[in-house]
Colleague: 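First the structure, then my questions, so here it is.
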There are 2 protein chains.
Amino acid sequence: MARRKKYKFPKTTIERLSYYFRALEDLSKRGIDTVSSEALGGKLNIKSSQIRKDLSYFGDFGKRGMGYDVKYLLKELKYILGLDREWSVVIVGAGHIGAAMANYDSFRKRGFNIAAIFDNDEKKIGKEINGSPILPYDNIDDFVKQNKIEMAIIAVPAAAAQAVADKLVESGVTAILNFAPVAVQLDENVRCLSVDLTTKLEALAYYMSYSQDKLWKIYS
Amino acid sequence: MARRKKYKFPKTTIERLSYYFRALEDLSKRGIDTVSSEALGGKLNIKSSQIRKDLSYFGDFGKRGMGYDVKYLLKELKYILGLDREWSVVIVGAGHIGAAMANYDSFRKRGFNIAAIFDNDEKKIGKEINGSPILPYDNIDDFVKQNKIEMAIIAVPAAAAQAVADKLVESGVTAILNFAPVAVQLDENVRCLSVDLTTKLEALAYYMSYSQDKLWKIYS
DNA sequence: CGGCGTATGTTAAAATTTTCACATGGGTGA
DNA sequence: TCACCCATGTGAAAATTTTAACATACGCCG
């Protein structure tokens, strides 16, 4: 019934909370106001015990014999995930990925506001994408400081990513979503998550070539 | 010195092999032809023992006292990951994400060839993106069958994703990279990986609000 | 050609994460 | 109010994954 609780929990729990949140939104939209961990798990291919355990790290949100009140759990998850406020984000790189992110309306819907996009390309500067202005990369430091930007999305080529990340952190950014296919080295008080598009396809290629439960036994 | 080996290994290993591959490519490009697990780990923020263990699932690729021959290990990883051939891929959805994927040249460089993009929008059909034609969604079944497409990228709204996935699988696709923010339910012999953009940002929002090593102790 | 420094491959231990199993408590209906 | 049903929350077990530690083997140098 209340928030509180445990000291440590798996890193994957946060990601799952995000899935729960989305599934609950869907249920809410369809007028369903109570759900059991079993039903929620069915929707997401996640074991019910996993869901109960994940939630238990943060509090007791359900009613025994009844399940969870969808609206209430949504409110709690919103709070836990830090989605009960607006976040200002900048995107670095107005290429295809950067543009796609600027156009991705789910971000805005969740409270992630794209304050500006930065690029070096003269032809792009001055234009805007989905309402967000494209500004010169050289102005990024001032902009981040003046607007107290905390989050950034890096969508530049691998070779430039580290320099961009360093500059962002120096300006005050403390969370980075990195699309550049490279491991960015950062101070440990800066949070950085990477989305690696190639890696995912490569993993698929692997799975198609072999199967994990089969013996790996090709000799050279 | 040879490929062979173990029966089971962590799911995360494949993803890391992909990272190793990319880092090795970079080393190779810079004319470095030998690397130790320690040095490679430093580049990637991965412990050297982790690297040795990952590689050991597939064979003995290094020389004691010496490290790994960059070119040789690249060749082996390429084989293991299934990147020693071309893959034909279709993209479903010519929106911002679909277009960004079609324009993402790293895919092509790795042997993932975007055979076609499918969409319902009359205005888009007939055009092409980065050399790949945009075709009517209704033709997808024939196209997949005729061209023996095995992999697909789903870049459609959440509401349409399940139907698209079903159609793809029915046509013969056995691996799917899903960008739609929804858990797609599939037969277990179909491989599906999801890239969840919102979830990543939400995880960042969480980490910025709290820190995992701090006690979670806010009462309602 | 033998000893030495080095970095692998591996085995065993530690840490993390998931799953199981069930006691617990809320709600409902008689 | 009481008995019964149901699904939660949790503590303990199982499974998975990472880290540590070290014996082993390779190549170099004198």
Side-chain angles (χ1 to χ4, degrees), chain A residues 1-17 19-20 24 27 32-70 72-73 76-77 80 203 212-213 216 220, chain B residues 1-17 19-20 24 27 32-70 72-73 76-77 80 203 212-213 216 220:
Chain A
M1 201 53 71
R3 298 193 208 98
R4 71 197 151 97
K5 294 263 186 132
K6 294 284 175 46
Y7 303 72
K8 287 186 71 189
F9 47 84
K11 294 185 233 358
T12 42
T13 289
I14 291 298
E15 200 172 335
R16 282 193 299 265
L17 290 186
Y19 295 144
Y20 305 158
L24 288 163
L27 291 173
I32 294 161
D33 42 37
T34 290
V35 70
S36 68
S37 58
E38 193 66 34
L40 188 58
K43 236 174 111 72
L44 293 165
N45 279 332
I46 293 176
K47 287 219 160 59
S48 61
S49 55
Q50 179 79 81
I51 295 180
R52 294 199 301 279
K53 170 75 67 185
D54 282 339
L55 295 176
S56 80
Y57 293 122
F58 299 93
D60 297 353
F61 303 116
K63 285 203 185 69
R64 293 177 191 230
M66 298 277 92
Y68 301 88
D69 181 277
V70 172
Y72 172 67
L73 187 51
E76 293 295 314
L77 285 178
I80 293 165
Q212 190 160 3
D213 11 40
W216 174 269
S220 61
Chain B
M1 203 54 72
R3 299 192 208 99
R4 72 201 150 96
K5 293 260 185 137
K6 295 285 175 45
Y7 303 72
K8 285 188 70 189
F9 46 84
K11 292 184 233 1
T12 43
T13 289
I14 291 297
E15 200 172 336
R16 282 192 299 265
L17 290 186
Y19 296 143
Y20 304 158
L24 288 164
L27 290 172
I32 295 161
D33 41 38
T34 288
V35 69
S36 68
S37 57
E38 193 66 33
L40 188 59
K43 236 173 111 74
L44 294 165
N45 279 333
I46 292 175
K47 288 219 159 60
S48 61
S49 55
Q50 178 79 80
I51 295 179
R52 294 199 301 279
K53 168 126 328 235
D54 283 339
L55 295 176
S56 79
Y57 293 121
F58 299 93
D60 297 352
F61 304 116
K63 284 205 184 70
R64 295 179 189 226
M66 298 277 92
Y68 300 89
D69 181 276
V70 171
Y72 172 66
L73 188 50
E76 293 295 314
L77 285 178
I80 293 165
Q212 190 160 2
D213 12 41
W216 173 267
S220 61

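All values reported here derive from a predicted model rather than from experimental measurement. Within every chain, numbering begins at 1; the chains are lettered A, B, ... in the order of the sequence lines, protein sequences first and strands thereafter.
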Colleague: For A/Phe61 versus A/Glu76, what's the shortest heavy-atom pair and its separation?
Modeller: CE2-OE1, 3.4 Å

Colleague: Could you pull out all residues at least two apart from A/Tyr19 that satisfy side chain to side chain donor-acceptor pair (under 3.5 Å)?
Modeller: A/Glu15

Colleague: What's the separation between atom CZ in A/Phe58 and atom CG in A/Leu77, rounded to the nearest 0.5 Å?
Modeller: 9.0 Å

Colleague: What's the OH-P distance between B/Tyr68 and D/dC26, to the nearest Å?
Modeller: 14 Å

Colleague: Could you state the CG-C1' distance from A/Leu73 to D/dT8, rounded to the nearest angstrom?
Modeller: 13 Å

Colleague: Contacts to DNA chain D from residues 36-46 of chain B, heavy-atom cutoff under 4.0 Å, which residues?
Modeller: none

Colleague: How would you list, by chain and number, every residue that makes a salt bridge (Lys or Arg N to Asp or Glu O under 4.0 Å) with B/Arg52, sequence neighbours excluded?
Modeller: none

Colleague: With the sugar-phosphate defined as primed atoms, P, OP1 and OP2, and the base as all remaining atoms, what B/S/- string results for nucleotides 24-30 of chain C, 5' to 3', for protein heavy atoms under 4.0 Å?
Modeller: BBBS---

Colleague: Taking atom C1' of D/dC26 as reference, at what distance in whole Å does atom CG of B/Asp60 sit?
Modeller: 13 Å

Colleague: Which value, rounded to the nearest 0.5 Å, describes the distance between A/Leu17 atom CG and A/Leu24 atom CG?
Modeller: 10.5 Å

Colleague: In whole Å, I'd like the distance from the CG atom of A/Leu55 to the C1' atom of D/dA7.
Modeller: 13 Å

Colleague: Roughly, in whole Å, what's the span from CZ in A/Phe9 to P in D/dG11?
Modeller: 18 Å

Colleague: What is the bend of the helix from C/dC1-D/dG30 to C/dA30-D/dT1 when you compare the axis at one end with the axis at the other, using five pairs each and rounding to 10°?
Modeller: 0°

Colleague: Between atom CZ in A/Phe61 and atom P in D/dT8, what is the gap in whole Å?
Modeller: 14 Å

Colleague: With sequence neighbours left out, write down each residue that passes side chain to side chain donor-acceptor pair (under 3.5 Å) with B/Thr34, or none if nothing qualifies.
Modeller: none

Colleague: By side chain to side chain donor-acceptor pair (under 3.5 Å), which residues pair with A/Asp69, not counting sequence neighbours?
Modeller: none

Colleague: Whole angstrom is fine here: how far is it from NZ in B/Lys11 over to C1' in C/dT16?
Modeller: 13 Å

Colleague: Here's a test for you: under side chain to side chain contact (heavy atoms under 4.5 Å, CB included), which of A/Leu55, A/Val70, A/Val35 qualifies with A/Leu40?
Modeller: A/Val35

Colleague: Whole angstrom is fine here: how far is it from CG in B/Asp69 over to P in D/dC26?
Modeller: 16 Å

Colleague: To the nearest 0.5 Å, what is the distance between CD1 (B/Ile51) and OH (B/Tyr68)?
Modeller: 8.0 Å

Colleague: Provide a list of protein-nucleic acid N or O atom pairs under 3.5 angstrom, restricted to nucleotides 18-22 of chain D.
Modeller:
from, atom 1, to, atom 2, distance (Å)
D/dT18, OP1, B/Arg16, NH1, 2.9
D/dT18, OP2, B/Arg16, NH2, 3.0
D/dT18, O5', B/Gln50, OE1, 3.4
D/dA21, N6, B/Arg52, NH2, 3.4

Colleague: For B/Tyr20, what residues pass the side chain to side chain donor-acceptor pair (under 3.5 Å) criterion, not counting sequence neighbours?
Modeller: B/Asp54

Colleague: Can you name the side-chain contact (heavy atoms from CB on, under 4.5 Å) partners of B/Ser36, sequence neighbours left out?
Modeller: B/Glu38, B/Ala39

Colleague: For the atom pair CD (A/Gln50) and OG1 (A/Thr12), what is the distance rounded to the nearest 0.5 Å?
Modeller: 6.5 Å

